[in-house]
Amino acid sequence: MVDMNVEIGGVRLANPVMPASGTFADGLDKAVDFERLGAMVIKTITRELRVGNALPRVCETPEGMLNSIGIPSKGMPYFHEETLPTYTRYSTPLVVSISAPTVDGFASLADEVSLPGVAAIEANISCPNLEEDGKAFANEAASAERATAAIRRRTSLPLWVKLSPNVTDIAEIARAVEAAGADALVVANTFLAMAVDIESQRPRLGSVTGGLSGPAIRPIVLRMTWQCARAVDVPIIGCGGIATAEDAIEYMLAGASAVQVGTVTFVHPTAMISVLEGIESYCLRRGYERVTDLVGALSVEEADETDMEWVDPLR
Amino acid sequence: MVDMNVEIGGVRLANPVMPASGTFADGLDKAVDFERLGAMVIKTITRELRVGNALPRVCETPEGMLNSIGIPSKGMPYFHEETLPTYTRYSTPLVVSISAPTVDGFASLADEVSLPGVAAIEANISCPNLEEDGKAFANEAASAERATAAIRRRTSLPLWVKLSPNVTDIAEIARAVEAAGADALVVANTFLAMAVDIESQRPRLGSVTGGLSGPAIRPIVLRMTWQCARAVDVPIIGCGGIATAEDAIEYMLAGASAVQVGTVTFVHPTAMISVLEGIESYCLRRGYERVTDLVGALSVEEADETDMEWVDPLR
Amino acid sequence: MKSPDPGAEPHHATAYSIAAAEFDCEVIENEAVNAEYMHIVATADPLATSVAAGQFFHMLCPKDGPNGPFFRRPMSVYKADPKAGTVAFLYKVTGSGTRALATLAPGDRLDLFGPLGVGFALEPDWRRIVVVGRGVGLATLAPLAELAAANGMGVTAVLSARSPAVMISGERFRAVGADVIEVTDAGGTSGPARLERVLRGLIADGMADAFFTCGSNRLLLLLQRLGREFGIPGQVALEQQMACGLGMCFCCVREFRVDGGVAHRRVCWDGPVFDLQEAISW
Amino acid sequence: MKSPDPGAEPHHATAYSIAAAEFDCEVIENEAVNAEYMHIVATADPLATSVAAGQFFHMLCPKDGPNGPFFRRPMSVYKADPKAGTVAFLYKVTGSGTRALATLAPGDRLDLFGPLGVGFALEPDWRRIVVVGRGVGLATLAPLAELAAANGMGVTAVLSARSPAVMISGERFRAVGADVIEVTDAGGTSGPARLERVLRGLIADGMADAFFTCGSNRLLLLLQRLGREFGIPGQVALEQQMACGLGMCFCCVREFRVDGGVAHRRVCWDGPVFDLQEAISW
Ligand SMILES: Cc1cc2nc3c(=O)[nH]c(=O)nc-3n(C[C@H](O)[C@H](O)[C@H](O)COP(=O)(O)OP(=O)(O)OC[C@H]3O[C@@H](n4cnc5c(N)ncnc54)[C@H](O)[C@@H]3O)c2cc1C
Ligand SMILES: Cc1cc2nc3c(=O)[nH]c(=O)nc-3n(C[C@H](O)[C@H](O)[C@H](O)COP(=O)(O)OP(=O)(O)OC[C@H]3O[C@@H](n4cnc5c(N)ncnc54)[C@H](O)[C@@H]3O)c2cc1C
Ligand SMILES: Cc1cc2nc3c(=O)[nH]c(=O)nc-3n(C[C@H](O)[C@H](O)[C@H](O)COP(=O)(O)O)c2cc1C
Ligand SMILES: Cc1cc2nc3c(=O)[nH]c(=O)nc-3n(C[C@H](O)[C@H](O)[C@H](O)COP(=O)(O)O)c2cc1C
Ligand code: FES
Ligand code: FES
């Protein structure tokens, strides 16, 4: 028996496997027993009523997909009356992902969703910040920090902050968000990307650009996870291109305390369960008593880094 | 007949298809007639003698690969005596990629390779800047600009600058590099990434992290190409995951004036030729007389962007 | 376009089966039925063969090249045979996914996820229904005709195609006792004016307690107009690009006329079968 | 490790064929020869069958799943038959690429790129050579034995394997008239001390004008030692992970002892056959 429990920034999870926001909804219960999940992370909600982006909203790319779903939102009354009761039926911890266009919007929405039955808040700060020219909060350490700090002041729930991978130095942003009071980091959201239909000579997505997800991005996000894990003390939840238990174990060895499974669920609806079972068998096979023993177990030899030693020019 | 000529920052090319630095060498002449290429871009050279990175230096990822080849360099005498004569036998323009650990190093190397037979210099500024803590020159607008300006002062050859995709705002860097005197931009180098062998629990690359290339990254680099093309006036050379003529046409529609083909050559050695022929047939079929008519022909409807209009909160 | 309630639940969103699963099936047959359509039959277990008319499976097509297919492909069931333990689909090769699907040979594996979506619903008091379909839409309507016949309803099937050579499923409809009217562009018999006359005739003869359609925008518009004029209810099966097929990703939304406003609904979850009048033609 | 000249050209880097091409071949046979090895034969045109002993093809293996294989896989030619227009390879299923390769059936396509690399070189004044190989390394040595025999040289082949059941190519060597000495771990005959006695015997008998080896580090070390002691030249075929196969990417470098220093060479381009004494064991 492997102890699969993990503690993620104040929330105790029965195992480290959970869905990524926007790739999970109650319909999945047709194929997956939600009681087996480490947590349920629901699609980002906003206070505002929104219909989402223009169609087409998805397209296929090499081992990945683009999405420009946007955040179709039915508003807060719907959240209270429909969404919350749908998930509080399960004993699995519920993580509510929130987004807002302003720092105050984030703070007051966090306050509003700090309700019984909600185990943690995941702040999706990859959205455009209307107070700063529409640049995403997650793109700069300062704005990421401001949003985090404002949310922190308004909720006593565990606060997970989801970073964007579209940045030069994710470790710097991770440190800023940790300093502002995040209890855990989710690394990461999608890469801004695009695709073109050469016959119509138009973008394949109705909104021109969208987010790239799926196995294609895994090596990049894995690197970011490793960098963040070395930069901060709070737990990291790895998220990007995880399709199998092996992929999830890569993330955990690189420093993730838990993982989110997104796009692959669209292709293999029961992927989360096989990831979970595969992690457990790996632990059994390798003699780990606790899944937490995997976290950061990567052994990195001091690289001799010959190529970094720029020797004196020859002449 | 389609006019396939393109003019890239002062160099006239017979067609817009060329290899990406580090994925091309004289051995390819076993399979490809170099006279058919738009240009020959050779592996980055440095002044210093270097052996390259620890092994393993490559690994496979979903629709892509990681490399941490580094820049094994045989030094300048070898460049003069062996490399240059190897390529000046062909009438195809030769582009010499250079790299250096300091601004002055870049400038003097540029000076040194400004030789007869060299058609243009490609500055690979994704290397660590020893004067700024080892951060890559290409990571910040200021350091990218300094390196470009220094090279510009020391060579009258056309200067192409190759950007890094590991940045928050590539358009900002493109503008800085253009302002510093670049004649064209190459968008882009590889994404910093990693992979882990879960059996040995070690990184798959000897140097832990490496660069992700191949089809997997195409949607991200295509987006960057589009952003850069809208930000600057100098021509853009698109580079990232191009495997087929369709991919190259996507780049050209999005604003690239030419393309570099990298990783796919390892899988299909004659890929550059099929890309070239495919672009020409597309032009014929669509009635374009000049390949340059494709550049930036993407039609982007004013997206109604419903999802960006954050309406007033309901309550 | 902005709607007052982007996700109002349609009234017939009752789940058809409470479970769906990923099935590793074996291909039994995969053959061209004419120049455009292929017929694929695969082994299926009881949960899979419990699929209702109008529901669909989400199919994992073999890889074709680096560009995919990455997503599954939705296909409505053409025939489910619980006794034989098989499900069958009729499909048209249109792009990378269906092209790859067409390469499967008997003995190959086929991964099916389902059954999914909301199928057709027959009101007990309907006696005679009219199904009007075109192209591959007929594949979706065939099991409905069978279901109606099994419930003792009379079925008139108006089958439209470009030419007799690519007309499908005529026998399938006749086999369940449907009156079949075949019309083709090639024969000049499928034009809207002529079809309208045919349908008005059926209405006059009391053959149309309800309309069912799939596969043509023009037919949808025509049936909506006649439905409104004569107060005849109806249902339409719609298509939309899908990623998850389970109502999770919101890529497959379409707009519907609901309570005087416009609502967004997910074709995979709230449909693919919708009320005839609520559908907005495309 | 740093070398004075990271890329000194090895002295035998003469190109074998001036051209290489991507061939779309048809699989004629792909069968297990024992519990560990498969034998694949594919159609090939004259450029492909001009491949020399020790040269290799870079094979595109079918896709196995999202993780690849992405790169080609290098395989030295086991037999090229210009008359029949075929090339054959002997391979061991070790990972994703060879696993996928093993699924190919006669009639399937196989994309081969080659011929590549520098093969074995026979000096005209050698009369008798000794080839010593282990495991799949024997596949690489078999065409060399054939070439030597065709040039009138005597060949002694010392074939080493874990057990007789996975011993390969014995007949292939015997067919060209080689003296074959089979040794196995299971039979306790493959230990270094015993092998050294065998080789010293061959040297004493004047059978060893040159040594050739492939597939075992231990054998390489042994032959290097004996080669130095008796001044016997030799060549070794080395393996290394490859991406391009054409000397472009520098992923396949290994270190070699050259002029008292250490040089980096590309196995795909400067090899895969190298001077016995320059190779550094791994
Ligand atoms: C509920 C439902 C039932 C269907 N039943 C059938 C059927 O019984 N027989 C049949 O031949 N076809 C049916 N279709 C259409 C079928 O899904 C598409 O033909 C198929 O997805 C095309 O994939 P492709 O890769 O060949 O084409 P591509 O054009 O390469 O596909 C590109 C993308 O667009 C999507 N796409 C393209 N055309 C359609 C379409 N018409 N509907 C939905 N997505 C599309 C694909 O799924 C994919 O995501 C049905 C569609 C839906 C939504
Ligand atoms: C010049 C040359 C000739 C060869 N000839 C033969 C032959 O005739 N028969 C035979 O069975 N094998 C031969 N090999 C080894 C063969 O290339 C590997 O067994 C094969 O690449 C393994 O691929 P995989 O996907 O099955 O294994 P994996 O372990 O999944 O491969 C992962 C990566 O490592 C590389 N790799 C793994 N093992 C080796 C290896 N031993 N050598 C080089 N790369 C490796 C793969 O190419 C791939 O890039 C030869 C290798 C070289 C370099
Ligand atoms: C269709 C779709 C919708 C998404 N919606 C959201 C969202 O609402 N909020 C959010 O934080 N992330 C969203 N994401 C991003 C995922 O949560 C995840 O970060 C990303 O897809 C990378 O993981 P993956 O490669 O496993 O999919 C969405 C992703 C997809 C594919
Ligand atoms: C093995 C390898 C070596 C590379 N070496 C260099 C290099 O020396 N200099 C450089 O500017 N880019 C180098 N690159 C990056 C490529 O030039 C190119 O920017 C990148 O691979 C993206 O293009 P692709 O997806 O078509 O390969 C290298 C890439 C690979 C795969
Ligand atoms: S396909 Fe995902 S919601 Fe319909
Ligand atoms: S495999 Fe690329 S240099 Fe050898």
Side-chain angles (χ1 to χ4, degrees), chain B residues 19-33 42-43 48-75 77-78 82-83 195 204-206 210 213-216 262-271 273-274, chain D residues 1-9 13 15-23 47 58-61 63-73 95-97 111 113-117 240-255 262-270 282:
Chain B
S21 176
T23 65
F24 174 78
D26 51 326
L28 190 63
D29 74 350
K30 284 192 172 214
V32 170
D33 177 2
I42 58 173
K43 172 86 181 163
E48 303 76 12
L49 213 67
R50 312 165 85 200
V51 293
N53 285 321
L55 265 63
R57 291 180 173 182
V58 294
C59 82
E60 299 176 294
T61 66
E63 283 303 324
M65 67 175 280
L66 299 186
N67 91 78
S68 60
I69 303 293
I71 305 187
S73 183
K74 299 178 184 170
Y78 189 90
E82 302 287 337
T83 314
R204 284 194 186 272
L205 293 180
S213 61
T263 302
V264 71
T265 296
F266 298 168
V267 183
H268 294 291
T270 55
I273 303 300
S274 19
Chain D
M1 225 171 298
K2 192 147 295 169
S3 97
D5 181 351
E9 303 295 334
Y16 272 66
S17 91
I18 52 155
E22 201 174 335
F23 298 104
L47 171 56
H58 219 19
M59 280 190 184
L60 201 58
C61 303
K63 285 271 158 199
D64 200 26
N67 292 335
F70 182 73
F71 296 142
R72 287 173 180 265
R73 298 293 189 260
S96 68
D111 180 319
F113 177 63
L116 297 172
Q240 187 68 295
Q241 186 188 19
M242 294 183 182
C244 73
L246 270 179
M248 303 191 289
C249 74
F250 287 83
C251 80
C252 66
V253 293
R254 293 181 72 118
E255 295 181 336
V262 167
H264 280 78
R265 285 175 182 165
R266 291 158 293 180
V267 171
C268 73
W269 184 252
D270 304 315
W282 59 98

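So that the names make sense, note that chain A is the first sequence line, chain B the second, and so on, each numbered from 1. Excluded from the calculations below are hydrogen atoms, water molecules and symmetry mates; all remaining heavy atoms, backbone and side chain alike, are included.
- Put simply, of B:Gly214, B:Pro19, B:Cys59, B:Pro56, the one with the most heavy-atom pairs under 4.5 Å next to chain D is B:Cys59.
- With chain D as the partner, the residue from B:Thr265, B:Val58, B:Asn67 showing the most heavy-atom pairs under 4.5 Å is B:Val58.
- Interface check for chain B: of the options D:Gln240, D:Glu22, D:His58, the most heavy-atom pairs under 4.5 Å are formed by D:Glu22.
- With sequence neighbours excluded, the residues forming a salt bridge (Lys or Arg N to Asp or Glu O under 4.0 Å) with D:Arg73 are B:Glu60, listed by chain and number.
- For the pair B:Glu63/D:Lys63, a side-chain contact is recorded, criterion being any heavy-atom separation below 4.5 Å from C-beta on.
- Contacts between B:Leu28 and chain D at a heavy-atom distance below 4.5 Å involve backbone atoms as well as side-chain atoms.
- Both the backbone and the side chain of D:Phe71 come within less than 4.5 Å of a heavy atom of chain B.
- Considering only heavy atoms from C-beta on, B:Pro72 stays 4.5 Å or farther from D:His264 through its side chain.
- Ranking B:Gly64, B:Gly22, B:Ala31 against chain D, the residue ahead of the rest is B:Gly64, based on heavy-atom pairs under 4.5 Å.
- Only the side chain of B:Thr263 comes within contact range of chain D, judged by heavy atoms closer than 4.5 Å.
- Between D:Phe70 and B:Val267 there is a side-chain heavy-atom pair separated by less than 4.5 Å.
- Listed here is the closest heavy atom pair of B:Ala25 and D:Gly247: CB-O, 4.1 Å.
- Of the two parts of B:Thr23, only the backbone, made up of N, CA, C and O, holds a non-hydrogen atom closer than 4.5 Å to a non-hydrogen atom of chain D.
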Set out, in order, the CA-CA distance, both residues' side-chain angles and the distance that settles side chain to side chain contact (heavy atoms under 4.5 Å, CB included) for B:Phe266 and D:Met248, then state yes or no. CA-CA 9 Å; B:Phe266 298 168; D:Met248 303 191 289; 4.2 Å; yes
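- Nearest heavy-atom pair across B:Lys30 and D:Trp269 is CE-CZ3, 4.0 Å.
- Interface summary for chain B: among D:Cys268, D:Ala21, D:Cys244, the most heavy-atom pairs under 4.5 angstrom belong to D:Cys244.
- Interatomic distance, CG of B:Leu66 versus SG of D:Cys251, reported as 12.5 Å (0.5 Å rounding).
- The two residues B:Pro269 and D:Arg72 have their closest heavy-atom pair at CD-NH2, 4.2 Å.
- In this structure, D:Gln241 and B:Leu55 have side chains that are not in contact, with every pair of non-hydrogen atoms separated by 4.5 Å or more.
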